[in-house]
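Read the structure below first, then the notes.
Every chain is numbered from 1, with letters handed out A, B, ... down the list of sequences.
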Amino acid sequence: SAVISQKPSRDICQRGTSLTIQCQVDSQVTMMFWYRQQPGQSLTLIATANQGSEATYESGFVIDKFPISRPNLTFSTLTVSNMSPEDSSIYLCSATEGAANEKLFFGSGTQLSVL
Amino acid sequence: AQTVTQSQPEMSVQEAETVTLSCTYDTSENNYYLFWYKQPPSRQMILVIRQEAYKQQNATENRFSVNFQKAAKSFSLKISDSQLGDTAMYFCAFMKRSGNTPLVFGKGTRLSVIA
């Protein structure tokens with residue numbers, strides 16, 4: 001099964017700065033997704049990272065705030081831009097593979113705290 | 001759109017006892033997967049069990065089993081012989097079987113196993 005390496009595992013950032021989170025998969029995967037998990041909450045989908053094209057964002061999330069790259073089938077980044085304390089969350093990437101999405105994998109998450 | 005509802009924000013169980021976590025969902029799809037994920041304090045999302053909607057037989061994985069009632073759109077998780085290591089957040093999730101779509105999560109149930 002695929003393994004996703006996500007980094008950084010945690011960071012403390014100043015208001016107004018940006019942080020880029022990376023996810024590297026050890027095999028080619030069909031789809032990659034980015035989720036946000038606010039404190040004590042469930043996982044909310046931010047966007048689907050599309051290989052070679054612009055990401056598909058969910059309602060309430062915009063590219064200017066959360067730019068995403070996916071240059072190939074094994075790598076994706078999420079940037080949290082112009083951060084505020086409200087962005088303090090866990091950010092997780094996930095990937096699927098298989099003809100029917102039958103295999104799902106998660107990164108270990110990034111704990112972000114914004115001061 | 002699909003929705004997943006977990007009506008028990010918190011539950012506790014004595015070590016070695018059995019506990020059942022509830023989950024209901026709403027969808028117009030006929031082909032889909034249902035999952036239970038465990039999230040310990042380490043943040044890692046760990047797959048507990050998966051059910052394919054076209055299978056009538058309930059999935060089991062060692063001490064974990066589900067009661068899948070497709071007509072009622074119910075998908076409960078039973079943990080037998082509970083262990084201290086089972087203490088975690090548990091998320092119920094739904095995914096379409098095709099179309100490379102992401103998981104839709106419930107709000108989660110915090111399970112505490114008491115010695």
Structural part of [X] lying under 4.5 Å from a heavy atom of chain A:
| X | value |
| --- | --- |
| B/Q39 | side chain |
| B/L103 | both |
| B/F105 | both |

Between A/S42 and B/G108, is there a donor-acceptor pair closer than 3.5 Å when you use the side chain of the first and the backbone of the second?
-> no
Whether B/R43 side chain and A/S9 backbone form a donor-acceptor pair below 3.5 Å = yes
Given that the side chain runs from C-beta out, which part of [X] has a heavy atom under 4.5 Å from chain B: side chain, backbone, both or neither?
| X | value |
| --- | --- |
| A/I90 | side chain |
| A/T56 | neither |
| A/Y35 | side chain |

Shared ILVMFWY cluster between [X] and [Y], side chains joined below 4.5 angstrom?
| X | Y | value |
| --- | --- | --- |
| B/F94 | B/W36 | yes |
| A/L43 | B/Y32 | no |
| A/L45 | B/Y37 | yes |
| A/I21 | A/L115 | no |
| A/L92 | A/I68 | no |

Decide yes or no for A/L104 and B/M45: does some side-chain heavy atom of the first lie under 4.5 Å from some side-chain heavy atom of the second?
-> no
Check whether any side-chain heavy atom of B/M89 lies under 4.5 Å from a side-chain heavy atom of A/Q37, and answer yes or no.
-> no
Heavy-atom neighbours of [X] [atom1] exceed 12 at 6.0 Å:
| X | atom1 | result |
| --- | --- | --- |
| A/I12 | CD1 | no |
| B/K78 | NZ | no |
| B/K107 | NZ | no |

Highest number of heavy-atom pairs under 4.5 Å with chain B: which of A/Q111, A/Q41, A/Q6?
-> A/Q111
